[in-house]
**Student:** 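Here it is, the structure, as structure tokens.
Lettering of chains follows the sequences in order, A, B, ..., and the numbering in each one begins at 1.
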Number of protein chains: 2
Amino acid sequence: MVKMDRGLLMPASREALPLDRILRDDCVRAMALLPDKSIDCIFADPPYNLQLGGDLHRPDGTMVDAVDDDWDKFESYYTYDRFTRAWLREARRVLKDDGTIWVIGSYHNIFRVGTSLQDEGYWLLNDIIWRKANPMPNFKGTRFTNAHETLIWAAKSEESRYTFNYQAMKALNEDVQMRSDWSLPLCGGAERLKDDDGNKAHPTQKPEALIYRILLATTKPGDVVLDPFFGTGTTGAVAKRLGRRWIGIEREAKYVRVARERIAAALPLDESAMTVMPSRRSAPRVAFGTLVEAGLVPPGTMLSDARRRWAAVVRADSSLMHEGQSGSIHKLGAALQGAPSCNGWTFWHMERAPGQLEPIDTVRQAWLAQAPAS
Amino acid sequence: MVKMDRGLLMPASREALPLDRILRDDCVRAMALLPDKSIDCIFADPPYNLQLGGDLHRPDGTMVDAVDDDWDKFESYYTYDRFTRAWLREARRVLKDDGTIWVIGSYHNIFRVGTSLQDEGYWLLNDIIWRKANPMPNFKGTRFTNAHETLIWAAKSEESRYTFNYQAMKALNEDVQMRSDWSLPLCGGAERLKDDDGNKAHPTQKPEALIYRILLATTKPGDVVLDPFFGTGTTGAVAKRLGRRWIGIEREAKYVRVARERIAAALPLDESAMTVMPSRRSAPRVAFGTLVEAGLVPPGTMLSDARRRWAAVVRADSSLMHEGQSGSIHKLGAALQGAPSCNGWTFWHMERAPGQLEPIDTVRQAWLAQAPAS
DNA sequence: CGAGGCGATGAATCAACTG
DNA sequence: GCAGTTGATTCATCGCCTC
């Protein structure tokens with residue numbers, strides 16, 4: 001028996017939980033009705049508090065469909081912190097002592113979430129980077145492409161004996177330990193839910209592969225997973241497929257409707273279908289600039305083609321310069337030859353020993369052998 | 001002249017700064033002696049061991065007791081926050097209005113740093129993931145391999161017009177935008193500094209490639225870079241190499257000694273190697289009318305967009321005319337597409353050879369190449 | 001039926017100068 | 001300070017259509 005904070009006694013048994021159901025309500029209010037220490041794992045995708053300004057146009061003149069929903073608007077950092085602490089406190093109460101919580105966010109909110117987690121007594125286990133294989137570019141060229149989101153994985157306390165399926169993660173990752181950076185594509189294509197008008201049903205739907213990895217890593221079959229910001233129910237759909245029980249909380253009726261339909265249609269899936277090996281394509285590649293930064297091809301190096309018809313100097317940003325013309329190893333190679341394109345890796349050579357030209361591709365190969373990309 | 005907060009008037013001129021020097025002192029105390037708004041860029045690698053004790057000091061220089069129990073953990077977060085805010089506040093004072101700051105950390109401290117940055121009035125521009133190509137494995141198999149660190153890049157305020165060398169970063173990354181995740185190896189091998197006993201001279205020496213990318217992206221040659229936690233002087237060595245000025249602050253004499261030697265041995269790049277791809281925003285402006293007057297685009301020329309959906313004729317005053325509509329190359333392009341704005345230079349094309357359309361921007365480039373800078 | 005072109009789009013804190 | 005003008009700026013993926 002567990003004493004609830006309104007003074008009632010309530011069984012913490014599985015039967016008391018609204019399993020495999022969506023509660024349409026504010027998440028703090030809905031969690032308040034759940035017993036203490038009854039949940040194995042929480043996945044939370046709270047509002048990010050993006051603080052966007054005016055419209056943003058792509059170079060082709062079309063407008064970016066921004067997240068401008070009311071649920072993402074907060075008056076101040078202070079207001080956002082109060083909101084965050086309220087739901088984190090309630091989440092910690094319903095979490096079992098050995099349970100863990102996942103929260104996802106971007107640089108707009110994740111630092112405040114992390115601070116709040118620590119201040120509320122959680123014990124951080126990892127921060128995980130979801131490296132987006134296909135992020136939206138930075139259209140104006142004003143910053144680095146915002147190409148990732150951050151997840152925090154935390155236990156209820158430092159003493160917690162939490163679930164981590166080490167071998168399952170290793171198996172999922174070509175038999176090497178799963179790292180803290182995960183390369184996964186955005187949710188799109190057939191997986192992306194549409195409303196009746198053909199528009200996206202929810203502005204921030206997460207890919208199932210992300211939740212799949214989370215639940216596979218940190219829950220056991222039959223565990224109860226709570227999602228206080230359920231949206232279109234990705235957590236419910238994946239939990240059902242993986243044989244976990246789930247509870248979703250969502251305030252907006254239209255999302256609840258979409259989620260119900262979706263989860264009803266979800267089939268427990270053959271595990272092999274989801275155990276996608278990290279594809280070479282999604283792995284980071286080696287740019288010529290990496291070799292320049294690393295000092296293998298220092299700025300100032302002279303490069304030439306195999307027959308020494310042209311020579312060029314490597315600049316600090318790895319662009320090449322030849323008699324006032326400049327560009328990347330590929331672009332300048334193409335321009336000098338008058339060709340539409342050129343593989344700079346094989347076109348340009350450096351003199352590693354006197355009189356001996358070697359294509360810069362051999363430098364790249366040496367680099368790859370010494371510091372593998374994965 | 002700049003008014004300092006202790007009521008003295010002090011010149012903010014470059015001569016007043018201890019350029020290319022290491023100040024052996026506590027960073028808050030040393031920064032207090034620097035003038036307001038005198039620094040272009042700050043790189044900071046603050047201590048983050050919350051529980052290990054030893055490295056954590058209060059702003060007044062006294063040491064924090066290492067503590068383990070829950071109550072004192074809160075005390076230690078609180079103390080760490082106070083320390084963080086103290087140096088961030090002083091850093092913001094010495095930063096120019098258009099300057100930026102970089103801070104690196106791990107999940108132990110980066111959330112508190114990010115929150116403090118926001119609370120102190122900084123405006124976050126990006127969080128950058130340093131994805132370690134060769135991280136230390138997790139030996140116990142109890143968590144995901146901690147394979148990255150996080151950097152935060154922030155401007156002094158939302159209105160700041162900060163430096164970002166977009167084209168240089170694009171060049172460094174095979175001609176596609178630089179993303180927020182950077183894959184770089186740990187600092188090791190010959191780069192890793194050793195003390196007389198052959199042990200590593202500093203426990204958290206950062207790779208030069210990381211600082212190289214940071215300084216190349218967000219500073220200009222001659223800019224002043226401040227590092228308040230200088231350690232073995234990686235920031236100084238890279239700044240010297242890239243033709244930037246630097247100021248280092250370090251409390252421990254043994255690190256100061258190592259850093260001095262190291263930086264003295266670093267070789268600056270020569271001028272030609274140091275240049276990077278210029279931003280087009282900094283190129284001199286050329287009015288379309290200039291090209292019309294010069295006869296490169298004679299009045300009467302027919303222009304069209306790349307897909308020949310619209311055609312327009314150039315008038316004597318360099319305005320364009322299309323079926324009764326007229327306006328500048330930009331205005332008419334925007335109007336025809338129904339877009340709020342349009343770059344007429346890349347939108348409009350002329351037929352220089354039969355069947356071959358070329359953007360009028362190439363005419364401008366030709367003009368710029370022929371008429372040297374004013 | 002396959003290759004290739006075209007259009008759409010994704011949690012985005014997305015310009016700078018002149019008058 | 002505000003308004004108007006100039007002009008710099010995009011990557012990967014998916015679906016649909018044409019050839």
**Student:** Please classify the nucleic acid contact of A:Val64 as base, sugar-phosphate, or nothing, using heavy-atom distances under 4.0 Å.
**Tutor:** base
**Student:** Closer to the 5' end of DNA chain D via nearest nucleotide, is it A:Phe139 or A:Pro185?
**Tutor:**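 Nearest-nucleotide comparison on DNA chain D picks A:Phe139.
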**Student:** Just the rounded figure in Å: distance from P of D:dC11 to CG of A:Asn146.
**Tutor:**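 Between P of D:dC11 and CG of A:Asn146: 15 Å.
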**Student:** Hey, is the side chain of B:Lys331 poking within less than 4.0 Å of OP1 or OP2 on D:dT6, counting only N and O atoms?
**Tutor:**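 The answer is no; no side-chain N or O of B:Lys331 sits under 4.0 Å from OP1 or OP2.
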**Student:** Reckon B:Gln167 has a side-chain N or O less than 4.0 Å from the OP1 or OP2 of D:dT9?
**Tutor:** yes
**Student:** Would you state whether a donor and an acceptor, one from the side chain of B:Ser341 and one from the base of D:dG7, lie under 3.5 Å apart?
**Tutor:**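 Present.
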**Student:** Go through the steps to decide whether A:Tyr80 and A:Val113 satisfy the test side-chain contact (heavy atoms from CB on, under 4.5 Å), and finish with yes or no.
**Tutor:** CA-CA 9 Å; A:Tyr80 186 79; A:Val113 168; 4.1 Å; yes
**Student:** Looking at B:Arg364, does any N or O in its side chain come under 4.0 Å of the phosphate oxygens OP1/OP2 on D:dA8?
**Tutor:** yes
**Student:** Apply side chain to side chain donor-acceptor pair (under 3.5 Å) to B:Ser326 and list each qualifying residue two or more places apart in sequence or on a separate chain.
**Tutor:**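 Expected list: B:Arg315.
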**Student:** A:Asn134 has an atom CG; how far is it from atom P of D:dA12, in whole Å?
**Tutor:**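 Answer to the nearest Å: 9 Å.
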**Student:** Heavy atoms only, 4.0 Å cut-off, all strands: where does A:Gly61 land among base, sugar-phosphate and nothing?
**Tutor:**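 A:Gly61: no heavy atom of the nucleic acid under 4.0 Å.
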**Student:** Could you list the residues that satisfy side chain to side chain donor-acceptor pair (under 3.5 Å) with B:Thr150, not counting sequence neighbours?
**Tutor:**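 Testing B:Thr150 for side chain to side chain donor-acceptor pair (under 3.5 Å), a comparison that skips the adjacent residues, returns none.
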**Student:** Any base atoms under 4.0 Å from B:Gln177, or only sugar-phosphate, or nothing? Heavy atoms, all strands.
**Tutor:**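 Touches sugar-phosphate only.
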**Student:** Considering only the P atoms, how many Å lie between D:dG4 and C:dT13, rounded to the nearest integer?
**Tutor:**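 Looking at atom P only, D:dG4 and C:dT13 are 28 Å apart.
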**Student:** If you look at every strand shown and take non-hydrogen atoms under 4.0 Å, does A:Gly189 touch a base, only sugar-phosphate, or nothing?
**Tutor:**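 Result for A:Gly189 = sugar-phosphate.
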**Student:** Identify, with sequence neighbours excluded, every residue that meets side chain to side chain donor-acceptor pair (under 3.5 Å) alongside A:Gln51.
**Tutor:** none
**Student:** With a 4.0 Å cut-off on N to O distance, would you call A:Asp60 and A:Arg58 a salt bridge?
**Tutor:**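 Answer for the salt bridge query: no.
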**Student:** Would you please indicate if the ring centroids of B:Trp102 and B:Trp153 are separated by under 6.0 Å?
**Tutor:**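 That pair passes the under 6.0 Å test.
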**Student:** Would you measure the distance from the C1' atom in C:dC14 across to the matching atom in C:dG10 and give it in whole Å?
**Tutor:**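 These two C1' atoms come out 15 Å apart once rounded.
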**Student:** If you look at every strand shown and take non-hydrogen atoms under 4.0 Å, does A:Arg58 touch a base, only sugar-phosphate, or nothing?
**Tutor:**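 Touches a base.
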**Student:** Would you mind reading off the distance between B:Asp361 atom CG and D:dT6 atom C1', rounded to a whole angstrom?
**Tutor:** 13 Å
**Student:** Please identify the 5'-most and 3'-most nucleotides of DNA chain C with any atom under 4.0 angstrom from a heavy atom of chain B.
**Tutor:** C:dG7 to C:dC17
**Student:** Between B:Asp119 and A:Arg112, does any side-chain N to carboxylate O distance fall below 4.0 Å?
**Tutor:** yes
**Student:** Whether B:Arg280 contacts D:dT9 is assessed here as follows: a side-chain N or O lying under 4.0 Å from the phosphate OP1 or OP2. Is that the case?
**Tutor:** yes
**Student:** Atom CG of B:Leu332 and atom C1' of D:dT6: how far apart are they, to the nearest Å?
**Tutor:**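 Computing the B:Leu332:CG to D:dT6:C1' distance gives 15 Å.
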**Student:** Go through the structure and list residues passing side chain to side chain donor-acceptor pair (under 3.5 Å) with B:Asp305, not counting sequence neighbours.
**Tutor:** B:Arg309
**Student:** Looking only at atom C1', what distance separates D:dT18 and C:dC1, rounded to whole Å?
**Tutor:**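 Approximately 13 Å lies between the C1' atom of D:dT18 and that of C:dC1.
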**Student:** Is B:Leu124 touching bases, backbone alone, or none of the nucleic acid, heavy atoms closer than 4.0 Å?
**Tutor:** base
**Student:** Please state how far atom CZ in B:Arg285 lies from atom C1' in D:dG7, giving the value in whole angstrom units.
**Tutor:** 7 Å
**Student:** Under 4.0 Å between any heavy atoms, over every strand shown, what does A:Lys206 touch: base, sugar-phosphate, or nothing? Just pick one.
**Tutor:** base
**Student:** For A:Asp72, which contact category applies under a 4.0 Å heavy-atom criterion: base, sugar-phosphate, or nothing?
**Tutor:**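 Base, at least one base heavy atom under 4.0 Å.
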**Student:** Can you tell me if the side-chain N/O atoms of B:His330 get under 4.0 Å from OP1 or OP2 in D:dG7?
**Tutor:**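 So the side chain of B:His330 is within the cut-off, an N or O lying under 4.0 Å from OP1 or OP2 of D:dG7.
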**Student:** What is the distance, rounded to the nearest whole Å, between atom CG of B:Asn173 and atom P of D:dT10?
**Tutor:**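 Spelled out: CG on B:Asn173 to P on D:dT10 is 13 Å.
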**Student:** Using the C1' atom on both, measure D:dG1 against C:dA16 and round to a whole Å.
**Tutor:**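 Their C1' atoms lie roughly 16 Å apart.
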**Student:** Check the chi torsion on D:dT5 and let me know: syn if it falls within 90° of 0, anti if not.
**Tutor:** anti
**Student:** Just the rounded figure in Å: distance from P of D:dG1 to CD of B:Glu159.
**Tutor:**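 Taking CD of B:Glu159 and P of D:dG1, I get 11 Å after rounding.
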**Student:** Would you say A:Thr79 and A:Ser76 are linked by a side-chain donor-acceptor pair, where the criterion is simply a distance under 3.5 Å?
**Tutor:**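 Side chains of A:Ser76 and A:Thr79: pair found under 3.5 Å.
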**Student:** Base, sugar-phosphate, or nothing: which does A:Ser106 touch, judged by heavy atoms less than 4.0 Å apart?
**Tutor:**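 No contact.
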**Student:** What does A:Ala190 touch in the nucleic acid at a heavy-atom separation under 4.0 angstrom: a base, only the sugar-phosphate, or nothing?
**Tutor:**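 Sugar-phosphate only.
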**Student:** So, A:Asp72 side chain and A:Asp69 main chain: donor-acceptor pair closer than 3.5 Å or not?
**Tutor:**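 The answer is no, because no donor-acceptor pair under 3.5 Å joins these two groups.
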**Student:** What is the distance from NZ of A:Lys132 to P of D:dC14, rounded to the nearest Å?
**Tutor:** 16 Å
**Student:** Can you spot which of A:Phe230, A:Phe229, A:Trp71 makes a ring-ring contact (aromatic ring centres under 6.0 Å, His included) with A:His202?
**Tutor:**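 Among A:Phe230, A:Phe229, A:Trp71, the one meeting ring-ring contact (aromatic ring centres under 6.0 Å, His included) with A:His202 is A:Trp71.
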**Student:** Between C:dA11 and D:dA8, how many Å separate the two C1' atoms, rounded to a whole number?
**Tutor:** 25 Å
**Student:** Map every base of DNA chain D to its dot-bracket character, where paired means a Watson-Crick or G-U wobble contact with both distances under 3.5 Å and | marks a partner outside the strand.
**Tutor:** .|||||....|||||||||
**Student:** Judged by each residue's nearest nucleotide on DNA chain D, which is more toward the 5′ side, B:Phe288 or A:Pro135?
**Tutor:** B:Phe288
**Student:** Would you please classify the geometry between the A:Phe74 ring and the A:Phe83 ring as parallel, tilted or perpendicular, with 30° and 60° separating the classes?
**Tutor:**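 It falls in the tilted class, 30° to 60°.
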**Student:** Hey, which of these two, A:Lys140 or A:Gln205, hits DNA chain C nearer its 5' end, going by closest nucleotide?
**Tutor:**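 The 5'-side residue here is A:Gln205.
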**Student:** Under 4.0 angstrom, heavy atoms only, what part of the nucleic acid is A:Trp130 near: base, sugar-phosphate, or nothing?
**Tutor:** nothing
**Student:** Under a 4.0 Å N-O cut-off, is there an ion pair linking B:Lys96 with B:Asp40?
**Tutor:** yes
**Student:** Select base, sugar-phosphate, or nothing to describe what A:Asn109 touches, counting heavy atoms under 4.0 Å on all strands.
**Tutor:** nothing
**Student:** Counting any heavy atom closer than 4.0 Å, what does A:Pro207 reach on the DNA or RNA strands: base, sugar-phosphate only, or nothing?
**Tutor:**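 The residue A:Pro207 makes no contact with any strand.
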**Student:** At under 4.0 Å between heavy atoms, what does B:Cys342 touch on the DNA or RNA strands: base, sugar-phosphate, or nothing?
**Tutor:**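 Base contact.
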